[in-house]
Protein chains: 2
Amino acid sequence: MARTTGSDGEKTEAAVREAAVNLIARFGYEAMSMRQLAAEVGVQAAALYRYFPTKEELLFTLMREHMEGLATAWEAARPADADSAQLLSAYVRNHIAFHIERRHATHVSNMELRSLSPERLTQILRMRTAYEKELRAILRDGDETGAFSIDDTGLTAMALIQMMTGVIVWFRPGERLSIAEVTATYLSMTMRLVGGKIDGREEKNVHEHAQLRA
Amino acid sequence: MARTTGSDGEKTEAAVREAAVNLIARFGYEAMSMRQLAAEVGVQAAALYRYFPTKEELLFTLMREHMEGLATAWEAARPADADSAQLLSAYVRNHIAFHIERRHATHVSNMELRSLSPERLTQILRMRTAYEKELRAILRDGDETGAFSIDDTGLTAMALIQMMTGVIVWFRPGERLSIAEVTATYLSMTMRLVGGKIDGREEKNVHEHAQLRA
DNA sequence: GAATTAATTGAACGTTCGTTTTATTGTTGC
DNA sequence: GCAACAATAAAACGAACGTTCAATTAATTC
């Protein structure tokens, strides 16, 4: 047999991407076989090669588009005229929302970096670094203007990223906490971490302020 | 050929463990082949099966001993008579020291859980949960006695664990910061996160206090 | 120094892997 | 309705995988 009735390239490619993200997130890139992926899509393994030349290229595509999506989401979410606290707030909100929404893709992008060739690894890491650089800039600005009080902006940025991204490890939709509640608590913790102050009010008010906006 | 001069079972097994931790941390469990591991040790692949019946058993052994080591280290580091701040301080110090010292083993224990059979996965997760439970208890006690001021102890515990364990992602010995400096900053950030207070002094002093002890 | 045990080699087993090739069929444009 | 094209199936490729087995030699025991 050959072409099946109703087959459509675009639909198949989309199905491959989605199945690949789920399988890689669950079993890992090396553990997922092309035959397993094909079976999940409902197709023969050879058909996958019409859309992705190699297995690694498939992985790279998934990661690159995930990182591009993250950058795009932040560009859209970043407020134009905002003080440091508002910027940081927007960054945290966007980061948590994006990562909860794409738990599996995030897992893939974080855990399978070692399966990329050096050049592709560099490319992904460059995108990640650029994204993290935005956070460092926000923290540095806020520290210099007195909105924050930070010991080490580099370390604080890394700690914040790890803390926020860590949400996907334990968060499951529909359990004890809603996304809004989780976001509110993480905003509160973020403001504590950076020693945030607003208009001279003390820290506790910052938390309440952050929670109201979440 | 057969047995080689100077061969010693104990030494070979130790060499296998060490090589396995490094290879799995670098390439991943699935990507590491038994032949690759054997070559690293300087032995034929068949020789590995004298010490570990299967590849998965080898992985499980590495993980279990890592978790046992973590529990043992905390038992030894936990102060007998201490208030909440001191307990938390000891927990953070021990956690960071242990994980920096065993970066590769930590990477393996965190990233390769999905390669374990369900029963073995359960066993490792039980050990991890027990360890994290200690932190939650410290946070809850401190919150109830007023030493800390925490919104959600469960979330704060997870955030702290993610933040601290994340050190191994970027920390490299001999770079910008020493272990002591990193620990001091993380202690400071920890006390901020839990809203730590000592004798009614305000938060900033807690940080300085923590840094002096690091 | 012979017998026993410990440690390892080298070859082989069956399976699965990513990928390629070729043929075949559905779909589309004229 | 016929050519051109798109999308797939089916089979096969060599390589690599985890693992087993028999043979062999070093170390130990008595």
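Numbered from 1 within each chain, the chains take letters A, B, ... in sequence-line order.
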Problem set entry | Ring centre gap for A:Tyr186 and A:His95 strictly below 6.0 Å | no
Problem set entry | Residue-phosphate contact under 4.0 Å: A:Tyr51 side-chain N/O, D:dT8 OP1/OP2 | yes
Problem set entry | C:dC17 phosphate, OP1 or OP2, under 4.0 Å from A:Ser33 side-chain N/O | yes
Exercise. So, is B:Thr4 near the phosphate of C:dT9, with a side-chain N or O under 4.0 Å from OP1 or OP2?
Worked result: no
Exercise. Out of C:dT19, C:dT8, D:dA6, which nucleotide sits closest to the side chain of B:Ala47?
Worked result: C:dT8
Exercise. Is there a donor-acceptor pair under 3.5 Å between the side chain of A:Glu40 and the backbone N or O of A:Ala20?
Worked result: no
Exercise. Picking from C:dC17, D:dA6, D:dG18, which would you name as closest to the side chain of B:Tyr49?
Worked result: D:dG18
For this session: Verify the ring-centre separation between A:Tyr91 and A:Trp74: is it less than 6.0 angstrom?
Result: yes
Problem set entry | Selection from D:dA10, D:dC21, D:dT8 that lies nearest to any side-chain heavy atom of B:Ala46 | D:dC21
Exercise. Does C:dA7 have OP1 or OP2 sitting under 4.0 Å from an N or O in the side chain of B:Thr12?
Worked result: no
For this session: Please figure out whether A:Val43 or B:Met34 has its closest DNA chain D nucleotide nearer the 5' end.
Result: A:Val43
Seminar exercise, completed: Scanning both residues in full, the closest heavy-atom pair of B:Met163 with A:Gln162 reads CA-CB, 4.3 Å
Exercise. Separation of A:Lys55 atom NZ from C:dT20 atom C1', in whole Å?
Worked result: 17 Å
For this session: May I ask you to verify if any side-chain N or O of B:Gln44 is less than 4.0 angstrom from the OP1 or OP2 atom of C:dT8?
Result: no
